[in-house]
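Quick notes on the structure that follows.
Note that the numbering runs from 1 along the sequence shown for the chain.
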Amino acid sequence: MSELTLTVMRLGFLAVLWLFVIVAVQVIRSDLFGTRVTQRAAVRRPDQAAAQRRPQQQQQGQAKPAGRGRQRRGAPTKLVVTEGSLTGTTVALQGQTITLGRAHDSTIVLDDDYASGRHARIYPDQNGQWIVEDLGSTNGTYLDRGRLTTPVPIPPGAPIRIGKTVIELRK
């Protein structure tokens with residue numbers, strides 16, 4: 001074998017080796033830091049958000065929740081994240097469905113390795129109670145340490161756990 005062929009083979013092997021190292025570092029970096037969750041650009045006012053949701057609800061054939069204008073006395077008025085990366089986040093309960101998950105169109109976007117894209121939803125029923133429903137997630141949704149298999153009413157102050165995130169209904 002000539003000296004030139006041997007040198008070209010050495011340089012080719014070195015290039016493949018460096019390519020392997022770079023790919024390995026990128027995989028390790030993505031495992032350590034995860035995916036980026038983009039923040040929503042603007043905060044919408046509740047009346048704008050409700051106006052945008054109405055056509056969607058009519059298309060999907062969803063009925064409006066009963067008693068939307070007035071809430072029962074002592075009924076929860078907000079959803080608060082008490083544990084996890086979004087601790088302190090509050091969402092006002094105004095009769096609309098709240099979706100939880102990693103998907104960017106969720107009401108509360110969870111940056112949690114144990115959350116599914118469309119993990120769970122919280123919605124009001126006809127009696128003014130709030131219901132939590134697991135949407136077929138891999139790791140499950142827990143209400144007061146019990147795993148949800150069917151939609152269940154949420155008592156105020158009861159912890160709803162999705163991975164490392166804990167959410168509560170409060171007055």
Going by heavy atoms in the side chains, are P76 and R170 under 4.5 Å from each other? no

Does the side chain of R102 reach to within under 4.5 Å of the side chain of D113, using non-hydrogen atoms? yes

Taking only residues two or more places apart in sequence, or in another chain, which ones meet [X] in a side chain to side chain donor-acceptor pair (under 3.5 Å)?
{"X": "S137", "answer": "H119, D134"}
{"X": "T150", "answer": "none"}
{"X": "T5", "answer": "S2"}
{"X": "R147", "answer": "none"}

Same hydrophobic cluster for [X] and [Y], using side-chain heavy-atom links shorter than 4.5 Å among ILVMFWY?
{"X": "I167", "Y": "V91", "result": "yes"}
{"X": "W130", "Y": "I160", "result": "yes"}
{"X": "L148", "Y": "I154", "result": "yes"}
{"X": "V21", "Y": "L14", "result": "yes"}

Nearest 0.5 angstrom please: [X] [atom1] to [Y] [atom2], how far?
{"X": "T141", "Y": "L135", "atom1": "OG1", "atom2": "CG", "result": "7.5 Å"}
{"X": "T77", "Y": "L93", "atom1": "OG1", "atom2": "CG", "result": "6.5 Å"}
{"X": "I122", "Y": "L79", "atom1": "CD1", "atom2": "CG", "result": "4.5 Å"}
{"X": "D112", "Y": "K164", "atom1": "CG", "atom2": "NZ", "result": "6.5 Å"}
{"X": "L143", "Y": "I162", "atom1": "CG", "atom2": "CD1", "result": "11.0 Å"}
{"X": "T165", "Y": "I108", "atom1": "OG1", "atom2": "CD1", "result": "9.0 Å"}

Return yes if some donor-acceptor pair links the side-chain N/O of Q26 with the main-chain N/O of A24 below 3.5 Å, else return no. no

Sequence neighbours left out, what pairs pass side-chain hydrogen bond (donor to acceptor under 3.5 Å, both in side chains) with at least one residue falling in residues 6-25? none

Any salt bridge (Lys or Arg N to Asp or Glu O under 4.0 Å) involving residues 19-28? Give me the pairs, sequence neighbours left out, ordered by first then second residue. none

Which salt bridge (Lys or Arg N to Asp or Glu O under 4.0 Å) pairs, counting each pair once, include a residue from residues 77-88, with sequence neighbours left out? E83-R161

In chain order, what residues pass the side-chain contact (heavy atoms from CB on, under 4.5 Å) check against [X], with sequence neighbours excluded?
{"X": "T89", "result": "V81, L86"}
{"X": "D144", "result": "A158, P159"}
{"X": "T87", "result": "none"}
{"X": "T138", "result": "S116"}

I131: which other cluster members, linking ILVMFWY side chains closer than 4.5 Å, directly or transitively? Y123

Give a yes or no on this: more than 12 heavy atoms of other residues, nucleotides or ligands lie within 6.0 Å of atom OH of Y114. no

For residues D105 and R118, report the shortest heavy-atom separation together with the two atoms involved. OD1-NH1, 2.8 Å

